[in-house]
Amino acid sequence: TNDKGQFSVTLPPGVLRAYVVPDDPSLALTQASLTLDAFAGTQSGKTLVVNPRSHVTGRVLLPDGTPVYAADVVVGPSADAPFSSDDPHLRPRESSGTTDTEGRFDVLSDSGLVDVSVRPHDGTRLPWVVLVNRLVPPNIPSDAGAPSGLALGDVLVKLPTPFTQSLAPGILVDTAAKPLPYTLVRAYSFPSAIVVDGGATLPRGARLIGSTVTDASGAFQLYLLPPE
């Protein structure tokens with residue numbers, strides 16, 4: 001599109017499915033139908049209405065009610081999406097935000113099935129919290145005027161399970177037992193397959209549940225929780 005939102009494209013006739021991917025982070029990935037007459041030449045007036053993005057809101061707390069400040073909140077497509085029959089062109093794009101001093105967050109997201117990852121900073125010794133397969137409804141303007149979205153409520157960061165490298169206590173080493181300093185370490189959860197109607201099994205995607213970097217001596221520690 002140009003600076004006025006106008007577009008021009010050559011397409012075959014018929015009923016077509018159009019996907020709008022806005023650069024504006026406040027606007028949603030949107031699908032619309034286009035009907036093109038086989039016997040007409042240039043066809044103008046094909047207006048595509050783009051919805052605003054939906055809000056994913058919540059508050060991050062410790063078990064004693066203390067808010068978790070400055071945690072990153074990442075909203076992205078469900079890791080199970082590649083194994084489903086959904087439209088890959090409509091999978092939500094990744095977006096992110098940060099909790100405020102009260103632990104609250106408000107992240108704009110495309111509609112669809114998402115995973116929400118709450119990531120306290122390194123050094124806090126707090127684990128990530130990964131909420132899986134949450135449905136974000138489309139934010140369709142209404143007379144009420146209130147934006148629609150996914151309200152997660154209070155997200156509790158539970159007591160973690162510390163994990164250290166087992167080959168050498170707390171040290172990441174290579175096959176020659178040489179420590180690996182300043183190396184990225186990521187932990188993934190591989191959930192069990194889902195049994196669906198008829199007894200068939202549906203595979204599930206691996207999910208990132210923690211990340212850190214080794215220090216100068218190759219030492220690291222991760223604090224982990226399973227996805228919810």
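No hydrogens, no waters, no symmetry mates; every other heavy atom, side chains included, goes into these values.
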Please tabulate, for the side chains in residues 107-118, all donor-acceptor contacts under 3.5 angstrom to protein atoms that are two or more places apart in sequence or on a different chain.
residue	atom	partner	partner atom	Å
Asp110	OD1	Leu29	N	2.9
Asp110	OD1	Arg53	NE	3.1
Asp110	OD1	Arg93	NH2	3.0
Asp110	OD2	Arg53	NH2	3.4
Asp110	OD2	Arg93	N	3.0
Asp110	OD2	Arg93	NE	2.8
Asp115	OD1	Asn133	N	3.0
Asp115	OD1	Arg207	NH2	3.4
Asp115	OD2	Ala79	N	3.0
Asp115	OD2	Arg207	NE	2.7
Asp115	OD2	Arg207	NH2	3.4
Ser117	OG	Arg119	NE	2.9

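Of the possible donor and acceptor atoms, one in the side chain of Thr214 sits under 3.5 Å from a partner among the backbone N and O of Tyr182. A donor-acceptor contact shorter than 3.5 Å is absent between the side chain of Ser211 and the backbone of Arg186.
Thr183 meets the side-chain hydrogen bond (donor to acceptor under 3.5 Å, both in side chains) test with no other residue; sequence neighbours excluded. In this view, Glu228 and Val129, Leu131, Lys158 satisfy the side chain to side chain contact (heavy atoms under 4.5 Å, CB included) rule, not counting sequence neighbours. Partners of Asp154 by side-chain hydrogen bond (donor to acceptor under 3.5 Å, both in side chains), not counting sequence neighbours, listed by chain and number: Arg59. Applying the side chain to side chain contact (heavy atoms under 4.5 Å, CB included) criterion to Ser96, with sequence neighbours excluded, gives Val74. Remark: Asp3 engages no residue in a side-chain hydrogen bond (donor to acceptor under 3.5 Å, both in side chains) (not counting sequence neighbours). Not counting sequence neighbours, the partners of Ser26 by the side-chain hydrogen bond (donor to acceptor under 3.5 Å, both in side chains) test are Asp24. Looking at residues two or more places apart in sequence or on another chain, you find a side chain to side chain contact (heavy atoms under 4.5 Å, CB included) between Ser54 and Val136, Asn139. Contacts of Val9 classified as side chain to side chain contact (heavy atoms under 4.5 Å, CB included), with partners at least two apart in sequence or in another chain: Phe7, Leu11.
Residue pairs meeting the side chain to side chain donor-acceptor pair (under 3.5 Å) criterion with at least one member in residues 60-69, sequence neighbours excluded, are Asp64-Thr66.
To the nearest 0.5 angstrom, Asp215 atom CG is 10.5 Å from Phe220 atom CZ. Note that CG of Leu135 is 8.0 Å distant from CG of Leu150, once rounded to the nearest 0.5 Å. In this structure, the separation between CZ on Arg125 and CD on Gln221 is 6.0 Å, given to the nearest 0.5 Å. Between the CG atom in Asp122 and the OG1 atom in Thr212 there is a gap of 4.0 Å [rounded to 0.5 Å]. From Leu62, atom CG reaches atom CG of Leu126 across 5.5 Å, with rounding to the nearest 0.5 Å.
Residues Asp80 and Val132 have side chains not in contact (no heavy-atom distance under 4.5 Å, counting atoms from C-beta outward). Annotation: side chain of Pro92 is in contact with side chain of Pro77 (closest heavy-atom distance under 4.5 Å).
Heavy-atom minimum distance, Pro67 versus Gly103: CB-N, 3.6 Å. Taking each heavy atom of Ala151 and Thr57 in turn, the nearest pair found is CA-OG1, 3.6 Å. The shortest heavy-atom contact between Ser189 and Pro227 is OG-CD, 3.4 Å. In terms of heavy atoms, Pro127 sits closest to Leu225 at CG-CD1, 3.4 Å.
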Show, in sequence, the C-alpha distance, side-chain angles and deciding distance for Asp87 and Tyr19, and conclude whether the side-chain hydrogen bond (donor to acceptor under 3.5 Å, both in side chains) test is met. CA-CA 11 Å; Asp87 185 339; Tyr19 299 90; 2.4 Å; yes
Quick one, Phe105 with Val56, criterion side-chain contact (heavy atoms from CB on, under 4.5 Å). Give me CA distance, side-chain angles, the key distance, then yes/no. CA-CA 8 Å; Phe105 62 87; Val56 177; 4.3 Å; yes
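Here the rule is side chain to side chain contact (heavy atoms under 4.5 Å, CB included) with Val20, and of Val49, Val50, Asn51, Leu27 only Val50 fits it.
Trp128 belongs to a hydrophobic cluster whose remaining members, ordered by chain and number, are Tyr188, Phe190, Leu208; membership requires side-chain heavy atoms of ILVMFWY residues under 4.5 Å apart, directly or through intermediates. Listed by chain and number, the hydrophobic cluster partners of Leu61 are Leu156, where partners are ILVMFWY side chains within reach of under 4.5 Å, directly or through others.
Two different hydrophobic clusters hold Leu222 and Val213 under the rule that ILVMFWY side chains link at heavy-atom gaps under 4.5 Å. Note on Leu48 and Leu16: same hydrophobic cluster, where clusters join Ile, Leu, Val, Met, Phe, Trp and Tyr whose side-chain heavy atoms are under 4.5 Å apart, directly or indirectly.
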